[in-house]
Every structure is written in structure tokens, then in C-alpha cells.
Amino acid sequence: MRLKELLHYTYIFPVLAVGYYFSGLMGTGVIYDIIAGVLLIGSVLSAVHHAEMVAHKVGEPFGTIILALCITIIEVALIISLMVAGGDQAITLARDTVFAAVMLILNGILGICILVGGVKYHEQFFARTSATTYLVSIVSILVLTLVLPNFTSSVNGPFYNEAQLIFISIACLAIYGVFLMVQTVRHRSYFVVPDEHPEEHYIPTLTKTLISFGFLVVCLIIVVLMAKGLSDTIEGMVQSVGAPKSLVGVIIAAVVLLPEGVAAIRAARSNQIQSSLNLALGSALASIGLTIPAVSVVCIMYDIPLVLGLDKKDVILLSLSVFIVMLSLSRGKTNILYGTVLLVNLAAYIFTVIVP
């Protein structure tokens with residue numbers, strides 16, 4: 001690659017962010033935290049650029065799968081590290097993080113994509129079979145992991161015992177594994193819309209693709225690390241306005257989901273709503289389908305109790321979100337009303353976190 005290309009902001013920001021994170025300046029003052037925030041946003045935008053470069057090379061739906069899996073793996077690593085360090089105080093961390101991620105993806109990312117696309121193009125079209133395939137998998141895993149624990153009787157409370165955790169983990173992996181096979185091999189056509197102007201797309205070389213993939217991983221890792229590093233500052237801001245501590249988890253989840261959120265919104269603005277759906281719904285499925293099994297293994301190994309069942313309020317909000325998404329994607333085309341309703345659901349979720 002030429003020196004001019006390496007001096008692009010998508011290469012500079014991740015390098016600066018890594019250096020700044022390990023300099024130890026984060027958390028030492030307001031100015032330093034603002035600088036960290038700027039580098040964090042720059043790293044998010046860089047991640048989106050590199051994800052698009054990889055996607056252009058490997059094609060759909062593999063490009064969106066790569067971004068979703070990268071973010072999910074790093075999210076899992078963050079949750080596990082916090083749970084091991086926090087012990088019994090972190091028994092609800094996995095549940096709260098996964099629930100926040102699912103709500104932000106289904107209502108926030110998907111809602112903004114549909115609204116942005118509806119405003120610009122009035123209607124956007126996608127394959128109904130892809131939405132159905134995503135939602136069948138997502139709904140099954142959501143009920144098994146976040147609702148069913150409230151109704152089992154082997155252990156009192158919203159818990160699974162060890163045998164139940166093992167079974168649910170295997171069930172999640174089975175559903176996600178078969179889904180990936182369907183998405184990439186058996187019914188790949190469900191998730192791909194024929195490109196009317198393929199000659200307009202830039203196809204990077206293999207070398208540039210590998211470099212972009214490496215920078216994508218670096219960007220995603222530093223985004224999570226800096227979000228974790230800024231968590232104390234965010235928590236202080238939340239407490240200063242009198243909001244409950246649970247809002248911190250929502251903010252951190254939103255920061256971690258920024259790269260795929262920005263990529264999905266950009267796809268919607270380019271009239272590629274199918275790519276937006278692949279990113280949003282694929283990320284929701286990967287987030288819960290991979291996180292719960294990984295966390296379950298850690299909890300069994302370290303004998304950490306794991307709360308999975310949601311309370312009644314959250315079950316209602318989750319059911320409403322899933323139901324609205326199913327209705328919105330049932331016809332194979334979108335409009336601004338669907339996006340507006342989803343964003344109202346998101347506002348209701350965040351409002352009830354602040355004012356429970």
C-alpha cells in the first residue's frame with residue numbers, strides 16, 4: 001500500500017487510540033476523557049470502513065457475518081472478563097448486556113435503518129424469507145434463554161441448574177449453527193439481493209482486504225476496551241443526573257454496537273436494506289446465540305450463579321419489540337411508520353430503565 005493510503009484517518013485513528021489507551025491518560029481528567037471519546041468515535045468510523053472493504057471482497061452475506069461475529073466475540077470476551085473479576089456481584093451482567101444489545105438492535109438500529117430508508121426512498125424491498133429465517137431463530141433463542149428460566153422449578157428464581165444450562169447452550173449453538181449453514185450454503189439466495197450495478201462497486205485486492213481485516217479486529221477491540229475504560233466516567237455522569245446505574249449498561253452496549261449500527265444505517269441510505277437487515281438481525285442472533293453458551297461455560301467452571309430470566313416489565317417490552325419487528329418485516333417492504341414505531345419502543349425501553 002502507498003504511504004498516502006496509510007495516512008488515511010481509518011488507519012490513523014485506531015493506532016492513536018491504541019497508543020492513548022495504553023498511555024494511562026484515560027480517567028485522569030475531563031479533557032483526557034473527551035480526547036478518548038473523540039478517538040473512540042474515530043475508531044468506530046474506521047471499523048465501519050474496514051468492514052465494508054472486507055464485505056466488498058467476500059460478498060454478501062459473508063461480509064455482514066464477519067462484522068457481526070467479530071463484534072459478538074469481543075462482546076463475549078468483555079462480559080466474561082467482567083464476570084470473572086466481579087464474581088457474585090456480576091450474576092446479572094450477561095443477562096442485562098444481552099437484553100440491552102437485543103433491544104438496541106431490534107428497535108434502535110433496525111428502526112433507524114427503516115426510517116432513514118423510508119424518508120429517502122419511500123419504500124425499500126427485501127426478501128421476506130430472510131426476515132422469517134432470522135426471526136424464527138431469534139425468537140426461539142430469546143424465549144429459551146431469557147423467559148423460560150422464570151418458569152423452571154429445579155432451582156428457585158430466574159436461574160437454570162447446571163444440566164439445564166448445558167442443554168440450553170447446546171440448543172443455542174445448534175440453532176445458530178444450522179442458521180449459518182442455511183445463510184451461507186443451502187439458502188444463500190434468501191439473504192442476497194441481485195446487484196443492478198455490480199460494475200460500480202470497488203473490489204479491493206487480497207492484500208488490502210487482509211490489512212482491512214486486521215485493522216477491523218484492532219478497531220473493534222479498542223472500541224470495547226475504551227468503552228470499558230470510560231465506564232467509570234459514564235457511571236459518574238449517570239449518577240450526577242440521578243439516573244439508575246442500569247443505564248450505564250445500556251450506554252456501554254450502545255457504544256459497542258456503534259460500528260455495526262453505522263454500517264447498517266449507511267447501507268439503508270444506499271438503498272441496500274437487505275444488507276441492513278443482515279447486519280441488524282444477524283448481530284442480534286449472534287449476540288444471544290453465542291454469548292449465552294460462552295458465559296454458561298465460564299459460570300459452570302468458576303461456579304458463578306447466572307441470572308438469565310427477565311423481570312415482568314422487560315418480558316413485556318421484549319415481547320412487544322419482537323411482535324412489532326415480525327409485523328414490520330412480514331410484507332417484504334418498509335415505510336417510515338415501521339421505523340417510527342420501533343424507535344418509540346426503544347424510547348419506552350430507555351425511559352423505563354431511567355424511570356422504572
Side-chain angles (χ1 to χ4, degrees), residues 48 51-52 55-56 58-69 71 102-142 175-176 178-198 200-201 257 259-287 289 321-343 345-346:
V48 174
E52 290 178 342
H56 285 318
V58 301
E60 288 296 341
F62 298 101
T64 54
I65 291 174
I66 289 173
L67 180 56
L69 288 179
I71 291 177
V102 169
M103 292 296 286
L104 288 171
I105 292 170
L106 293 183
N107 294 301
I109 296 177
L110 198 56
I112 294 174
C113 288
I114 293 175
L115 183 61
V116 167
V119 169
K120 188 171 183 179
Y121 299 102
H122 297 281
E123 288 184 336
Q124 290 181 299
F125 300 88
F126 58 90
R128 285 185 297 175
T129 47
S130 68
T132 302
T133 307
Y134 277 119
L135 291 173
V136 164
S137 306
I138 290 172
V139 171
S140 177
I141 295 179
L142 282 174
I175 292 173
Y176 189 69
V178 174
F179 170 83
L180 279 184
M181 185 268 290
V182 168
Q183 185 182 25
T184 59
V185 181
R186 197 171 187 88
H187 299 290
R188 183 182 174 188
S189 60
Y190 289 0
F191 306 89
V192 179
V193 174
D195 195 346
E196 297 179 356
H197 305 286
E200 296 179 2
H201 293 300
L257 291 171
E260 57 193 337
V262 174
I265 294 168
R266 289 178 64 172
R269 282 181 54 84
S270 300
N271 203 21
Q272 298 173 346
I273 192 65
Q274 184 67 60
S275 294
S276 298
L277 292 179
N278 290 346
L279 271 170
L281 297 179
S283 297
L285 180 57
S287 176
S321 300
V322 171
F323 185 61
I324 296 301
V325 170
M326 292 175 69
L327 290 178
S328 300
L329 302 181
S330 63
R331 300 176 61 221
K333 58 183 179 180
T334 66
N335 62 56
I336 60 173
L337 178 61
Y338 301 154
T340 302
V341 173
L342 288 172
L343 291 176
N345 289 347
L346 176 65

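Hydrogens, waters and symmetry mates play no part in the numbers below; they use all other heavy atoms, side chains included. Just so we're clear, the structure is a prediction, and the values are computed from it rather than from any experiment. In this chain, residues are counted from 1 in sequence order.
The side chain to side chain donor-acceptor pair (under 3.5 Å) test applied to S283 returns E260, not counting sequence neighbours. Residues meeting the ring-ring contact (aromatic ring centres under 6.0 Å, His included) test with H187, sequence neighbours left out: Y190. For the side chain to side chain donor-acceptor pair (under 3.5 Å) test, no residue two or more places apart in sequence or in another chain qualifies with T334.
Other residues, nucleotides and ligands contribute more than 12 heavy atoms inside 6.0 Å of the CG atom of L343.
Scanning both residues, K333 and Y338, for their nearest heavy atoms gives O-CE1, 3.6 Å. Of all non-hydrogen atoms in A131 and F126, the two that sit nearest each other are CB-CE1, 4.0 Å. When all heavy atoms of I114 and G339 are compared, the closest pair comes out as CG2-N, 3.5 Å. Considering all non-hydrogen atoms of both residues, S137 and I175 come closest at CB-CG2, 3.8 Å. Counting all heavy atoms, side chain and backbone alike, S276 lies closest to A268 at OG-N, 3.1 Å. S321 and N107 get closest at one heavy-atom pair: OG-ND2, 2.9 Å.
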Exercise for review: For S330 and R128, run side chain to side chain contact (heavy atoms under 4.5 Å, CB included): C-alpha distance rounded to whole Å, both residues' side-chain angles, the deciding distance at 0.1 Å, then the answer.
Suggested key: CA-CA 6 Å; S330 63; R128 285 185 297 175; 6.0 Å; no
Report the C-alpha separation of F191 and T184 in whole Å, then their side-chain angles, then the decisive distance to 0.1 Å, and conclude whether the side chain to side chain contact (heavy atoms under 4.5 Å, CB included) test is met. CA-CA 9 Å; F191 306 89; T184 59; over 6 Å; no
Is there a side chain to side chain contact (heavy atoms under 4.5 Å, CB included) between L342 and L106 once you walk through the steps? CA-CA 8 Å; L342 288 172; L106 293 183; 6.0 Å; no
Criterion side chain to side chain contact (heavy atoms under 4.5 Å, CB included) on I324 and N345, from CA distance to verdict:
CA-CA 9 Å; I324 296 301; N345 289 347; 3.6 Å; yes
* Asked: Do Q183 and T133 pass the side-chain hydrogen bond (donor to acceptor under 3.5 Å, both in side chains) test, and can you show the C-alpha distance, the side-chain angles, and the key distance before you say yes or no?
  -> CA-CA 9 Å; Q183 185 182 25; T133 307; over 6 Å; no
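Listed by first and then second residue, the salt bridge (Lys or Arg N to Asp or Glu O under 4.0 Å) pairs that reach into residues 270-280 come to none, sequence neighbours excluded. Residue pairs meeting the salt bridge (Lys or Arg N to Asp or Glu O under 4.0 Å) criterion with at least one member in residues 263-274, sequence neighbours excluded: E52-R266. Residue pairs that meet the side chain to side chain donor-acceptor pair (under 3.5 Å) test with at least one member in residues 113-124, sequence neighbours left out, are Q124-N271.
L337 CG to S328 OG: the interatomic distance, rounded to the nearest 0.5 Å, is 8.0 Å. Between atom OG of residue S287 and atom CD1 of residue I138 there is a gap of 10.0 Å, rounded to the nearest 0.5 Å. Distance check: L279 CG to Q274 CD gives 11.0 Å after rounding to the nearest 0.5 Å.
Two residues are said to be in side-chain contact when any heavy atoms from C-beta on lie closer than 4.5 Å; I273 and F125 fail this criterion. Between L142 and V322 there is a side-chain heavy-atom pair separated by less than 4.5 Å. Taking 4.5 Å as the limit, some side-chain heavy atom of V325 sits within range of a side-chain heavy atom of L110. Residues L281 and I105 form no side-chain contact, since every pair of their non-hydrogen atoms from C-beta on lies 4.5 Å or further apart.
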